[in-house]
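Read through the structure below, which is laid out as structure tokens, and then see the notes.
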Amino acid sequence: MKIETAKFISSKVHLKDLPNSNLPEFAFIGRSNVGKSSLINYLTNQPKLAKTSSTPGKTQTINHYLINQTFYFVDLPGYGYAEVPLSIKKQFEKMIQDYLLKRETLACLFVLIDVRHEPLKLDLEFIQWVGENQIPFCLIFTKCDKLSQNQLDTKIQNYKNKLLETWEELPPFFLTSASKNMGGNELLVFMDKVLQEIL
Ligand code: GTP
Ligand code: MG
């Protein structure tokens, strides 16, 4: 699949205000600053489509982008950003949970993980929650340009081992770099397959 068109549609806080449409959506989630918005820009080849920032907490709403007139990318706020007040954090969590549990058109959730970190409790707990709620998901390791091939192999194997402590089966996973344009094709091939099963 090739992305021919990508258009910003809306930026919302409440589920009821999201696009009223049957088109399937792929959502991007992960800790603040993991590279969700950058990955969307890389995949769509539009560097300014989703707003990015080196300061965590940039994306604070649910953002819909219409791709090829046939499906959406959804850029979600990051979780685990320590600097926001607790009340706001709770509001974010509610928004994300509402979306993930109730959005019927969600085709697959991409959970982004910064490949440089050891498995973090927050990410592992989130993955657990996603699995328990039977939300279809994949893992995407981001910022792979920051490590050597050897380091990457070790990190990925570590992560798999960690997941296998609680999971019998591993979710699909992908290695990407938005700054070095790596891994996008594999991701698009995967999305194409998911779409063919739905559409
Ligand atoms: P929030 O919206 O705050 O939750 O963050 P986000 O997950 O959308 O992250 P964003 O795309 O804004 O990127 C955060 C920072 O990481 C920016 O400074 C990006 O330039 C950088 N970044 C993102 N992806 C990559 C990557 O693949 N490689 C490298 N080296 N840097 C990256
Ligand atoms: Mg963002």
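All ligand and atom numbering here is 1-based and tracks the order in the structure.
When the options Y65, F8, F28 are evaluated for a ring-ring contact (aromatic ring centres under 6.0 Å, His included) with F73, the one that passes is F28. For the side chain to side chain contact (heavy atoms under 4.5 Å, CB included) with D75, the lone residue among I29, L49, N63 that qualifies is N63.
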Exercise for the section: Quick one: do S148 and Q151 satisfy side-chain hydrogen bond (donor to acceptor under 3.5 Å, both in side chains)? Show the steps, please. Expected result: CA-CA 5 Å; S148 70; Q151 289 170 317; 3.2 Å; yes

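In this structure, the ring of F110 has its center no less than 6.0 angstrom from the ring center of F137. Aromatic ring centres of F174 and F190: separated by under 6.0 Å.
For K162 and E165, the salt-bridge test passes: some basic side-chain N is under 4.0 Å from an acidic carboxylate O. With respect to E197 and K193, no salt bridge is recorded, no charged nitrogen being found less than 4.0 Å from a carboxylate O.
A donor and an acceptor atom, one from each side chain of S38 and T52, are nowhere located under 3.5 Å apart. In the model, S11 has a side-chain atom that pairs as donor or acceptor with a side-chain atom of T61 under 3.5 Å.
Among protein residues, S32, N33, V34, G35, K36, S37, S38, T52, S53, S54, P56, G57, K58, T59, G78, K143, D145, K146, S177, A178, S179 come within 4.0 Å of ligand 1, judged on heavy atoms.
For a distance threshold of 2.8 Å, the protein N, O or S atoms nearer than that to the Mg ion (ligand 2), listed by chain and number, are S37 OG, T59 OG1.
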